[in-house]
There are 2 protein chains.
Amino acid sequence: MLPAQPNQSLIDGLACLHALAASPAALGSRELARLLEFEPTRTNRLLKTLAHLGLAEQDEKRKYRVGPAIHVLGVESLHTSGFIDRAVEVLKGLDGEHLTVAMGVLWQDVVCYLYHQYPSHTDGGTVRHRPVPASTSGLGLALMAQMSDDELRALYAVRSGAQRDGPTGLLEQVADARRQGYALFAAGGGERTIAIVLGGSLHAAIGVSGIFPDGDIPGLVSDLRSAAAQITETG
Amino acid sequence: MLPAQPNQSLIDGLACLHALAASPAALGSRELARLLEFEPTRTNRLLKTLAHLGLAEQDEKRKYRVGPAIHVLGVESLHTSGFIDRAVEVLKGLDGEHLTVAMGVLWQDVVCYLYHQYPSHTDGGTVRHRPVPASTSGLGLALMAQMSDDELRALYAVRSGAQRDGPTGLLEQVADARRQGYALFAAGGGERTIAIVLGGSLHAAIGVSGIFPDGDIPGLVSDLRSAAAQITETG
DNA sequence: GTCGTTAGGTGCTACTGTAGCAACACTTTG
DNA sequence: CAAAGTGTTGCTACAGTAGCACCTAACGAC
């Protein structure tokens, strides 16, 4: 995973960018240096470099925030390789009358939605949903089922340092998902999610959420698998 | 703009990332090195570093493509500072029955849409639209009207090398937008866009597009200005 | 199957891009 | 207003980086 010779400047520059993206307010360069425990001059140079690239910018108080090029990069990323575009078209056709349809990817312990469509059709496949903790998402469960228990433990050991095995019951839920070939997650309020991972090396999952009787599960799983097959077929 | 001491590793690492994001297919490390005219070992290390951060990943043929963390970064960027979230709420309320509503930012010579809502309400404020050439977008015109003619010339000299003044008539269109305080762009097929920039240091524009008579223009401009005021008020 | 070519990636070490110190101008706070 | 904090620069030492030589893996042609 880690290369023989990682580039520390790139790592630290991107740490600055990520801190800006995650901050609810613009950050001063020394403030960011303190936050990340970097030397101030260095931080300023990394930020200025990011600003030169349009990925960051300064506000009228000279504080730094993300810049327009990050949006260009984010949007371009949605269109690269083609699988996401293809998936969006397939998932549009998966619309149930009363279910939310979603697709997402897992990174560390969060799920990031790349497609999310409420039954009301009001969010049109938006990618505007904030990343959520993977353990609170059916898609996250499905994706984590592709990891070994040791990998999961390592993930949560780093992350929270308090719950070695991740949130209570997670390993059992993940084991169920592995056994069944799909994740069934009780989201609360009677709502549940069924999710499966896409094949190949895509590391994405698709799922449907809402209120449905147990008897609907096999059919929904079948629909998801059919959609997954369409998404992953060579294009 | 360029700091006294830019960090070249960060610049080149991000060039690799951008090339992946912009590529329709996954790229081998040497292939990317040739594309960017970088030394292969260095390229491999930059890519491996990006992969370690989750911003890139390898497919089953060991070729590189963007990784899940880039989507997390992209989505977080939409939520940072709050102005975009605030704008989305305001723009939802701007819905005309027959007009497309949009918001975007300018980076180099492209406009990237951060909100885009068709009259049919089927895209739900999506950010899925690919960036478009700024000169083909009313929002782009409005944003370019904030730049000097020299800045515009410099932008297009670098970009296309063939049209020093940008696309034909661009400077005139931009001058009109400056004079009027809004951009009016004829998109074709009878469709037009009216766009204005948001105040402060936000570098974003909002606009409405569709078919409307000249007599509607003042009212639409007024609606846009009212929306802009709501978006930029202190929050 | 073999062979040749291209690929992704590593270890070593020279070197140059980067980092930190000292300093400056600017901004904010009390 | 003065003091404190800020964003940023120039200089130069040095350590992170780059490139060479090499390895293993993968692919395509025969």
Side-chain angles (χ1 to χ4, degrees), chain A residues 1-17 19-20 23-67 80-81 200-201 203 234, chain B residues 1-17 19-20 23-67 80-81 200-201 203 234:
Chain A
M1 183 58 80
L2 195 61
Q5 199 176 300
N7 188 301
Q8 200 60 45
S9 284
L10 182 55
I11 290 168
D12 294 344
L14 287 165
C16 291
L17 184 58
L20 293 185
S23 172
L27 296 168
S29 64
R30 292 191 187 223
E31 186 181 359
L32 183 58
R34 288 194 297 272
L35 183 67
L36 298 177
E37 295 178 3
F38 288 175
E39 197 274 328
T41 310
R42 180 158 185 264
T43 307
N44 180 268
R45 289 184 177 133
L46 292 172
L47 285 172
K48 277 285 190 185
T49 300
L50 291 172
H52 170 61
L53 298 174
L55 294 167
E57 67 183 4
Q58 288 176 279
D59 67 14
E60 60 287 332
K61 296 187 178 184
R62 300 189 300 174
K63 287 175 184 288
Y64 288 88
R65 64 191 176 207
V66 293
T80 191
S81 302
S201 57
H203 303 312
T234 313
Chain B
M1 183 58 84
L2 196 63
Q5 202 175 300
N7 188 301
Q8 199 60 43
S9 285
L10 182 55
I11 289 169
D12 294 345
L14 287 165
C16 290
L17 185 58
L20 292 186
S23 173
L27 296 169
S29 63
R30 291 190 189 222
E31 185 180 3
L32 184 57
R34 288 192 298 271
L35 184 66
L36 298 175
E37 294 178 3
F38 287 175
E39 198 275 328
T41 311
R42 181 158 183 263
T43 307
N44 181 269
R45 290 187 177 128
L46 292 172
L47 285 172
K48 278 286 191 187
T49 300
L50 292 171
H52 169 59
L53 298 174
L55 293 167
E57 68 183 4
Q58 286 177 280
D59 67 15
E60 60 286 332
K61 296 188 179 184
R62 300 190 300 173
K63 288 177 182 288
Y64 288 88
R65 64 190 178 205
V66 293
T80 191
S81 301
S201 58
H203 305 309
T234 315

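Per chain, numbering begins at 1; letters A, B, ... match sequence-line order. Not measured: the values here are computed from a predicted model. Side-chain atoms are counted along with the backbone in the values below, which use heavy atoms only and exclude waters and symmetry mates.
- The distance from atom CG of Asn7(B) to atom C1' of dG20(C) is 14 Å, rounded to the nearest whole Å.
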| After noting the C-alpha distance and the side-chain angles of Arg45(A) and Leu10(B), does the key distance pass the side-chain contact (heavy atoms from CB on, under 4.5 Å) rule? | CA-CA 10 Å; Arg45(A) 289 184 177 133; Leu10(B) 182 55; over 6 Å; no

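- Near DNA chain D, meaning a heavy atom under 4.0 Å from it, residues 25-44 of chain B has Glu39(B), Thr41(B), Arg42(B) in order of number.
- Applying the 4.0 Å criterion to OP1 and OP2 of dT8(D), one finds that Tyr64(A) has a side-chain N or O inside that range.
- In this entry the distance linking NZ of Lys61(B) with P of dG8(C) reads 12 Å, nearest Å.
- Taking OG1 of Thr43(B) as the reference point, atom CD of Glu31(B) lies at 11.5 Å (rounded to 0.5 Å).
- Of the listed residues (Arg62(A), Lys48(A), Lys63(A), Arg65(A)), just one forms a salt bridge (Lys or Arg N to Asp or Glu O under 4.0 Å) with Glu57(A), and that residue is Arg65(A).
- Side chain of Pro3(B), nearest nucleotide from dT9(D), dG7(D), dT18(C): dT9(D).
- The bend of the helix from dG1(C)-dC30(D) to dG30(C)-dC1(D), defined by the angle between the axes of its first five and last five pairs, stands at 60° to the nearest 10°.
- Here dG7(D) presents its C1' atom at 15 Å from CD of Glu60(A), a figure rounded to the nearest Å.
- Nearer the 5' end of DNA chain D, as judged by each residue's closest nucleotide, is the contact made by Leu46(B), out of Leu46(B) and Arg62(B).
- At least one donor-acceptor pair under 3.5 Å links the side chain of Thr80(A) to the backbone N or O of Ser23(B).
- At a cut-off of 3.5 Å, with distance as the only test, a side-chain donor of Asn7(A) or Ser9(B) sits close to an acceptor on the other residue.
- With Cys16(A) as the fixed residue, the side-chain contact (heavy atoms from CB on, under 4.5 Å) test singles out one of Leu50(A), Thr49(A), Leu27(A), Leu35(A): Leu50(A).
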| task | Decide yes or no on side-chain contact (heavy atoms from CB on, under 4.5 Å) for Leu17(A) and Leu14(A), but give the supporting numbers first. | result | CA-CA 5 Å; Leu17(A) 184 58; Leu14(A) 287 165; 4.1 Å; yes

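- Distance CG (Asp59(A)) to C1' (dT6(D)): 13 Å, rounded to an integer number of Å.
- Environment of CD in Glu37(B): sparse, with no more than 12 heavy atoms of neighbouring residues, nucleotides or ligands closer than 6.0 Å.
- Side-chain nitrogen and oxygen atoms of Ser9(A) include none within less than 4.0 Å of the OP1 or OP2 phosphate oxygen of dG17(C).
- Distance NE2 (His52(A)) to C1' (dT8(D)): 17 Å, rounded to an integer number of Å.
- Under the 4.5 Å side-chain criterion, counting only non-hydrogen atoms from C-beta, Leu20(B) is in contact with Leu47(B).
- As a whole-Å value, the separation of Leu10(A) CG from dA18(D) C1' is 15 Å.
- Using a 4.0 Å cut-off, no side-chain N or O of Gln5(B) falls inside it from OP1 or OP2 of dT8(D).
- Look at Lys48(B) and you won't find any side-chain N or O under 4.0 angstrom from OP1 or OP2 of dG8(C).
- In this structure, of dT6(D), dC11(D), dT8(D), it is dT8(D) that holds the atom nearest to the side chain of Gln58(A).
- For Arg45(B) against dG8(C), no side-chain N or O and base N or O form a donor-acceptor pair under 3.5 Å.
- Asp12(B) places its CG atom 12 Å from the C1' atom of dT17(D), with the value rounded to the nearest Å.
- A heavy-atom distance below 4.5 Å is found between the side chains of Asp12(A) and Phe38(A).
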